[in-house]
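Here the structure is laid out as structure tokens; the discussion comes afterwards.
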Amino acid sequence: MKQPRSRQEPRRMGNSAMVVTMLLSLCVLTFIKARYCSTPYPNKPAPLLDLEAGIDEDYDSSRYKISGPIGEEEFDPSRPTCYNTSKRSERCAAVGDIRVDGNHSKIYISPLDRVWRTKPYARRHDAVAMDDVREFALLPFGGGNDSAVPPLCTRNHSVPAFLFSSGGFAGNLYHDYTDVLVPLFTSTHHFGGEVQFLLTDIKDWWLDKFTPLFRQLSNYDVIDVDNDQEVHCFPRIVIGSTFHRPMGIDGTRSPGGETVADFKRLLRRAFRLDRVVASHDGSASLGKPRLLIISRKSSRRFLNERAMAHAAALAQFDVRIAEPDNHTDMPNFARLVNSADVMMGVHGAGLTNMVFLPSRAVLLQVVPFGGLEWLSRVTFKDPAKDFDVTYMEYNVSLEESSLKNLYPKDHFYLQHPYDVHKKGWNAIKTVYLDKQSVRLDLAKLTRTLEHARSLLPSSSSH
């Protein structure tokens, strides 16, 4: 005889379903948080946003090894075609019959186990940047009915291909170096020039600006892969550069053991920079160190720039003022920076030109009001050491900031900047970067510049 169903059974089943649903939701939320949300930094007044985190802990050096001739990777068959080389960078690599139909963002590979998709830009953690990066599909062929039908080769190459992007935030000089150029150098210098660059998301002015650098890394002209009508065929391909840290390189993780010092030497060759070491006496016959002031026209302007230049001249500096932008002649500007012994500017992309300073020059970063010392450290203070540049800071007081004229003295933004930081990057940028300009105290500036000069080496010590 069939037993009557307990009244409690539907309730138990309902409770079980609810528990399962909650567990699944928790798993999904955990995944989303781990993949897309930055890690909080409790008990710190200014949280270091994950946007510019240091060396990544999840790097797996065993996935990329060098054996045999320089530039020859040892490909592990058990390794996925595409894998994370850091929290910010993904790399795809393959050997075989490789056909690049860049105009349609497709790369046909035989052998290949499955379809892969990738965006070759070293800022994977930043959805805003990655929205402006073209995605490429890696398609298998020659392996059965499910394989794609590849186009015929119209141009054959005997060297490996390296695909990277100048999308994302490229065009901002800081991101040019942090997201593109330094990772590109790290990932390709060991090829000794025998590599064909494929560039996606191209901007003609951007390519022109950095062509001298690309010519140091590759013996071949860069191919605008998005607009090229050819089907390029290669024996090997690498897609995506490996990121180590902002504007930095960990030599123990570079394929050829490269360091920032090697990158700086490459820049000197690319832009023909003759001056090796800064000097207390400067490079000209004036016997004065040269001060280069990086000017800005929009936010974070020097409101008393001419008075600053006059004060610096009275302090026995040979003063130059320049404002780089996207249309600046890069080789000429690089040589101007290389002629400087001290370079100063308000926090911003223009300070990235420190890469052209001679060794032992002084970089003086003017840090706007708002508790931004953590930001200045990550972006320029830490990298300066690797570039053999002496770093100094000029911290702007509220009295020197234009914010004092925008808000009452007791305003939340002026009294509690670290609480504003807790609201995230957009709040920091809007309040303390986009709306602020500075009027430096000339007596304080003079003392700072005198200290900077004292840090310069004498000519006899070169």
Worksheet item: Is the closest basic N to carboxylate O distance between Asp101 and Lys106 below 4.0 Å?
Response: no

Response to the item:
Rounded to the nearest 0.5 Å, the CZ atom of Arg296 sits from the CD atom of Glu305 at a distance of 11.5 Å

Item to complete: Output yes when Asp341 and Lys288 qualify as a salt bridge under the 4.0 Å nitrogen-oxygen rule, no when they do not.
Response: no

Fill in: Check: Phe302 and Val366 side chains under 4.5 Å, non-hydrogen atoms
yes

Worksheet item: Which of these passes ring pair (Phe, Tyr, Trp, His ring centres under 6.0 Å) with Phe356: Phe333, Phe263, Phe387, Phe271?
Response: Phe271

Practice prompt. Indicate yes or no: at least one non-hydrogen side-chain atom of Leu273 is less than 4.5 angstrom from one of Val337.
Written response: no

Item to complete: Apply side-chain contact (heavy atoms from CB on, under 4.5 Å) to the pair Glu400 and Arg439, showing each step before the final yes or no.
Response: CA-CA 5 Å; Glu400 297 171 287; Arg439 185 180 299 276; 5.5 Å; no

Worksheet item: Pick from Leu163, Leu198, Val225: which one makes a side chain to side chain contact (heavy atoms under 4.5 Å, CB included) with Ile107?
Response: Leu163

Worksheet item: Once the angle between the rings of His189 and Phe185 is folded into 0 to 90°, is it parallel (under 30°), tilted (30 to 60°) or perpendicular (over 60°)?
Response: tilted

Practice prompt. Could you walk me through whether Asn332 and Arg335 pass side chain to side chain donor-acceptor pair (under 3.5 Å), step by step?
Written response: CA-CA 5 Å; Asn332 281 339; Arg335 287 189 281 274; 2.9 Å; yes

Discussion item. Regarding Asp318 and Arg290, does a basic nitrogen lie under 4.0 Å from an acidic carboxylate oxygen?
Written reply: yes

Discussion item. Under 3.5 Å, is there a donor on one side chain and an acceptor on the other for Ser376 and Glu373?
Written reply: no

Worksheet item: What is the minimum heavy-atom distance between Pro289 and Gln316, and which atoms define it?
Response: CD-O, 3.6 Å

Worksheet entry | Between CG on residue Asp441 and CD on residue Glu399, distance to nearest 0.5 Å | 10.0 Å

Item to complete: Decide yes or no for Val389 and Phe380: does some side-chain heavy atom of the first lie under 4.5 Å from some side-chain heavy atom of the second?
Response: no

Discussion item. Hydrogens and angles aside, do Asp201 and Ser166 bring a side-chain donor and acceptor to less than 3.5 Å of each other?
Written reply: no

Worksheet entry | Pairwise side-chain contact, Lys422 with Asp419, heavy-atom cut-off 4.5 Å (strictly under) | yes

Practice prompt. Compare all side-chain heavy atoms of Arg88 with those of Asp179 and state whether any distance is below 4.5 angstrom.
Written response: yes

Discussion item. Once rounded to the nearest 0.5 Å, what's the spacing between atom CE of Met343 and atom CG of Leu291?
Written reply: 10.5 Å

Worksheet entry | Under 3.5 Å donor-acceptor, Thr242 side chain and Ser187 backbone | no

Discussion item. Evaluate Thr178 against Phe243 for side-chain contact (heavy atoms from CB on, under 4.5 Å), listing each step before the verdict.
Written reply: CA-CA 8 Å; Thr178 293; Phe243 175 88; 4.0 Å; yes

Worksheet entry | Donor-acceptor pair, side chain of Arg117 and main chain of Glu135, under 3.5 angstrom | no

Worksheet, complete the sentence: Between the CG atom in Leu372 and the NE2 atom in His347, the distance rounded to the nearest 0.5 Å is 7.5 Å

Discussion item. Restricting to non-hydrogen atoms, name the atom on Phe136 and the atom on Pro120 that form the minimum distance, rounded to 0.1 Å.
Written reply: CD1-CD, 4.4 Å

Worksheet entry | Check: Asp386 side chain, Pro383 main-chain N or O, donor-acceptor pair, under 3.5 Å | no

Item to complete: Report the C-alpha distance between Ile239 and Leu138 in whole Å, list the side-chain angles of each, state the deciding distance to 0.1 Å, and finish with yes or no for side-chain contact (heavy atoms from CB on, under 4.5 Å).
Response: CA-CA 10 Å; Ile239 305 167; Leu138 282 57; 3.9 Å; yes

Worksheet item: Minimum heavy-atom separation for Gly167 to Val133, with atom names?
Response: C-CG2, 4.3 Å

Discussion item. Could you check whether any side-chain N or O of Gln436 sits under 3.5 Å from a backbone N or O of Phe369, counting only pairs where one atom can act as donor and the other as acceptor?
Written reply: yes

Worksheet item: So, Tyr174 versus Phe169, ring centres under 6.0 angstrom or not?
Response: no

Fill in: Heavy atoms of other groups near Asp221 CG, more than 12 under 6.0 Å
no

Practice prompt. Determine, for Arg134 against Asp226, whether the closest basic-nitrogen to carboxylate-oxygen distance falls under 4.0 angstrom.
Written response: yes

Fill in: Any donor-acceptor pair under 3.5 Å from Arg360 side chain to Val277 backbone
no

Practice prompt. Evaluate the side-chain proximity of Leu442 to Asn304: yes if any heavy-atom separation is below 4.5 Å, no if none is.
Written response: yes

Discussion item. Around atom NE2 of His310, are there more than 12 heavy atoms from other residues, nucleotides or ligands closer than 6.0 Å?
Written reply: no

Discussion item. If you compare all heavy atoms of Gln415 against all heavy atoms of Lys409, which two are closest, and at what distance to 0.1 Å?
Written reply: NE2-O, 2.7 Å

Item to complete: May I ask you to test the Leu267-Tyr177 pair for a side-chain heavy-atom distance under 4.5 Å?
Response: yes

Worksheet item: Are Glu90 and Trp116 close enough that some pair of their side-chain heavy atoms sits under 4.5 Å apart?
Response: no

Worksheet item: Is the side chain of Lys264 donor-acceptor paired with the backbone N or O of Leu357 at a distance under 3.5 Å, no angle test?
Response: yes

Worksheet entry | Short side-chain donor-acceptor distance under 3.5 Å, Asp262 and Thr259 | yes

Worksheet item: In this structure, are over 12 heavy atoms from other groups packed under 6.0 Å from Lys444 atom NZ?
Response: yes

Discussion item. I'd like to know if the side chain of Tyr432 and the backbone of Tyr413 have a donor-acceptor N/O pair within less than 3.5 Å.
Written reply: yes

Worksheet item: Nearest heavy-atom pair of Val431 and Leu403: which atoms, and what distance?
Response: O-CD2, 3.7 Å

Discussion item. Salt bridge check, Arg272 against Asp274: does any charged N sit closer than 4.0 Å to a carboxylate O?
Written reply: no

Worksheet, complete the sentence: Output for pair (Phe162 CZ, Leu199 CG), nearest 0.5 Å, gives 11.5 Å

Worksheet entry | Minimum-distance pair of heavy atoms, taken over all atoms of Val276 and Arg268 | CG2-NH2, 3.2 Å

Worksheet item: Which word best sums up how the rings of Phe214 and Trp206 line up, parallel for under 30°, tilted for 30 to 60°, or perpendicular for over 60°?
Response: tilted

Worksheet entry | Donor-acceptor contact below 3.5 Å, side chain Ser401 vs main chain Leu398 | no

Practice prompt. May I ask you to decide if Met130's main-chain N or O and Lys119's side chain share a donor-acceptor pair within less than 3.5 Å?
Written response: yes

Item to complete: Report, as yes or no, whether the 6.0 Å neighbourhood of atom NZ on Lys203 holds more than 12 heavy atoms from other residues, nucleotides or ligands.
Response: yes

Worksheet item: Are any side-chain N or O atoms of Asp250 and backbone N or O atoms of His244, one a donor and one an acceptor, separated by less than 3.5 Å?
Response: no

Practice prompt. Starting at CE of Met344, measure out to OG1 of Thr448 and round the result to the nearest 0.5 Å.
Written response: 8.0 Å

Worksheet item: Given Phe197 and Leu217, is the side-chain contact (heavy atoms from CB on, under 4.5 Å) satisfied, shown in steps?
Response: CA-CA 9 Å; Phe197 286 159; Leu217 291 173; 3.7 Å; yes

